[in-house]
Asks: 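Mind looking over this structure? Questions follow.
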Amino acid sequence: MGLFDKLAGWLGLKKKEVNVLCLGLDNSGKTTIINQLKPTNAQTQDIVPTIGFSIEKFKTSSLSFTVFDMSGQGRYRNLWEHYYKEGQAIIFVVDSGDKLRMVVAKEELDTLLSHPDIKHRRIPLLFFANKMDVRDALSSVKVSQLLCLENIKDKPWHICASDAVKGEGLQEGVDWLQDQIRTMKT
C-alpha cells in the first residue's frame, strides 16, 4: 500500500496533507476566514466564537488542509503551544481595526516565535490584517510595522489585507501558503 501512496503522490493524484494552526486574538476573524476557505456547500451561516479549539478540513487544488482554529480568548491562549509540534504552517490573524490590542497581538506573536517547538523550524507564517473594511483600519504595512515582522528572518512570512466576511484578500494568502508548503521538504 505504501508504494501506491508514493506513486499517487508523484503523479499528483494524492493531495499533500498539511496541518495549519490558525492563531490570533479573540474577535480577530479566525473562524470567519476558515469558513470562507471551505467550499461553499460546507460553509456555516452562523459564526460563533471558538471555545478552546475546533478542527476544520478543506481541500485546495493541490493540498488537503487540517486547520486547528484556536480560541483567541486570554484564558485559552496557553492551549496554542500544545499544537505547535504538529503545525506545518501558521495563519496569524490580526484585527486591523483594533489598534488598542495590537500590542497584545505582538506579545502573543513574540511568545509564539520564541517557543522551542517553533523557534528553530522554518515554518511559513501567513498574516491576515483582517477587517480592512472597518473605518480607520490600519493598513497591512502598518500592521506589519507594529508587529515588527521585518525582524522575522528565519521563516518565510507574508501579510495580506483581508475582509473575512466578504472573502477579500484570502485567496492571495492561501496561494502564497500553498506555494510555501509545496516547496517544503517532505
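Heads up: numbering here begins at 1 and tracks the sequence.
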Asks: Where does the angle between the aromatic ring planes of W176 and H158 fall among parallel (under 30°), tilted (30 to 60°) and perpendicular (over 60°)?
Replies: parallel
Asks: Applying the 4.5 Å side-chain criterion to the ILVMFWY set and letting contacts propagate, would V174 and V165 be lumped into a single cluster?
Replies: no
Asks: Please test Y84 against L23 for side-chain contact (heavy atoms from CB on, under 4.5 Å), starting from the C-alpha separation and ending with a verdict.
Replies: CA-CA 11 Å; Y84 290 166; L23 309 174; 4.3 Å; yes
Asks: Linking I/L/V/M/F/W/Y whenever their side-chain heavy atoms sit closer than 4.5 Å, directly or via other members, would L100 and V94 fall into one cluster?
Replies: no
Asks: Kindly give the heavy-atom pair with the smallest separation between P124 and L177, and that separation in Å.
Replies: CB-CD1, 4.1 Å
Asks: Is there a side-chain contact between I118 and R121 (heavy atoms, below 4.5 Å)?
Replies: yes
Asks: Between G87 and I123, which heavy-atom pair has the shortest distance, and what is it?
Replies: O-CD1, 3.4 Å
Asks: Quick one: closest heavy-atom pair of S140 and C160, and the distance?
Replies: CB-C, 4.4 Å
Asks: Side-chain heavy atoms under 4.5 Å apart, restricted to Ile/Leu/Val/Met/Phe/Trp/Tyr: what other residues fall into the cluster of V104, or is it alone?
Replies: L25
Asks: In terms of heavy-atom contacts, does NZ of K99 have more than 12 from other residues, nucleotides or ligands at under 6.0 Å?
Replies: yes
Asks: For a 4.5 angstrom cut-off between non-hydrogen side-chain atoms, does L149 reach L125?
Replies: no
Asks: If we ignore hydrogens and angles and just use 3.5 Å, is the side chain of T183 paired with the main-chain N or O of D179 as donor and acceptor?
Replies: yes
Asks: Test your reading of the model: is there a side-chain donor-acceptor pair from K16 to the backbone of I181, 3.5 Å cut-off?
Replies: yes
Asks: Work out which heavy atom in Q73 is nearest to a heavy atom in D26; give both atom names and the distance.
Replies: N-CB, 3.7 Å
Asks: Are side-chain heavy atoms of C22 and F128 found at a separation under 4.5 Å?
Replies: no
Asks: If you define the side chain from C-beta out and look only at heavy atoms, does anything of H115 sit under 4.5 Å from T111?
Replies: no
Asks: Do side-chain atoms of S162 reach the backbone of A164 as a donor and acceptor pair under 3.5 angstrom?
Replies: no
Asks: Supply the atom-to-atom distance L112 CG to E81 CD, rounded to the nearest 0.5 angstrom.
Replies: 10.5 Å
Asks: Using every non-hydrogen atom in the two residues, find where Q88 and V18 come nearest and quote the distance to one decimal.
Replies: OE1-CA, 3.1 Å
Asks: To the nearest 0.5 Å, how far apart are CD in E172 and CG in L126?
Replies: 9.0 Å
Asks: Start with the C-alpha distance between T31 and I33, add both sets of side-chain angles, then the distance that settles side-chain contact (heavy atoms from CB on, under 4.5 Å), and finish with yes or no.
Replies: CA-CA 5 Å; T31 304; I33 286 174; over 6 Å; no
Asks: Kindly compute the distance separating CG (L21) from CD (E86), expressed to the nearest 0.5 Å.
Replies: 8.0 Å
Asks: Roughly how far, to the nearest 0.5 Å, is the NE2 atom of H120 from the NZ atom of K155?
Replies: 8.5 Å
Asks: Counting C-beta onward and ignoring hydrogens, is there a side-chain heavy-atom pair between I91 and F65 closer than 4.5 Å?
Replies: no
Asks: Counting N and O atoms only, with roles assigned by atom type, does the side chain of K142 sit under 3.5 Å from a partner on the main chain of S96, one being a donor and the other an acceptor?
Replies: no
Asks: Thinking salt bridges, do D69 and K30 make one under a 4.0 Å N-O criterion?
Replies: no
Asks: What distance do K57 atom NZ and I34 atom CD1 have between them, rounded to the nearest 0.5 Å?
Replies: 13.0 Å
Asks: So which heavy atom on A129 is nearest to which on V143, and how close?
Replies: CB-CG2, 4.0 Å
Asks: Could you go through the side-chain contact (heavy atoms from CB on, under 4.5 Å) check for M102 and L138 one step at a time?
Replies: CA-CA 10 Å; M102 203 61 65; L138 299 169; 3.6 Å; yes
Asks: Give the C-alpha distance, both sets of side-chain angles, the deciding distance and a yes or no for side-chain contact (heavy atoms from CB on, under 4.5 Å) between I152 and F127.
Replies: CA-CA 12 Å; I152 302 174; F127 295 90; 4.2 Å; yes
Asks: E150 side chain to Q145 main-chain N or O, any donor-acceptor pair under 3.5 Å?
Replies: no
Asks: When you measure from the side chain of N130 to the backbone N and O of S28, does any donor-acceptor pair fall under 3.5 Å?
Replies: yes
Asks: How many angstroms lie between atom NZ of K131 and atom CG of D95, to the nearest 0.5 angstrom?
Replies: 4.0 Å
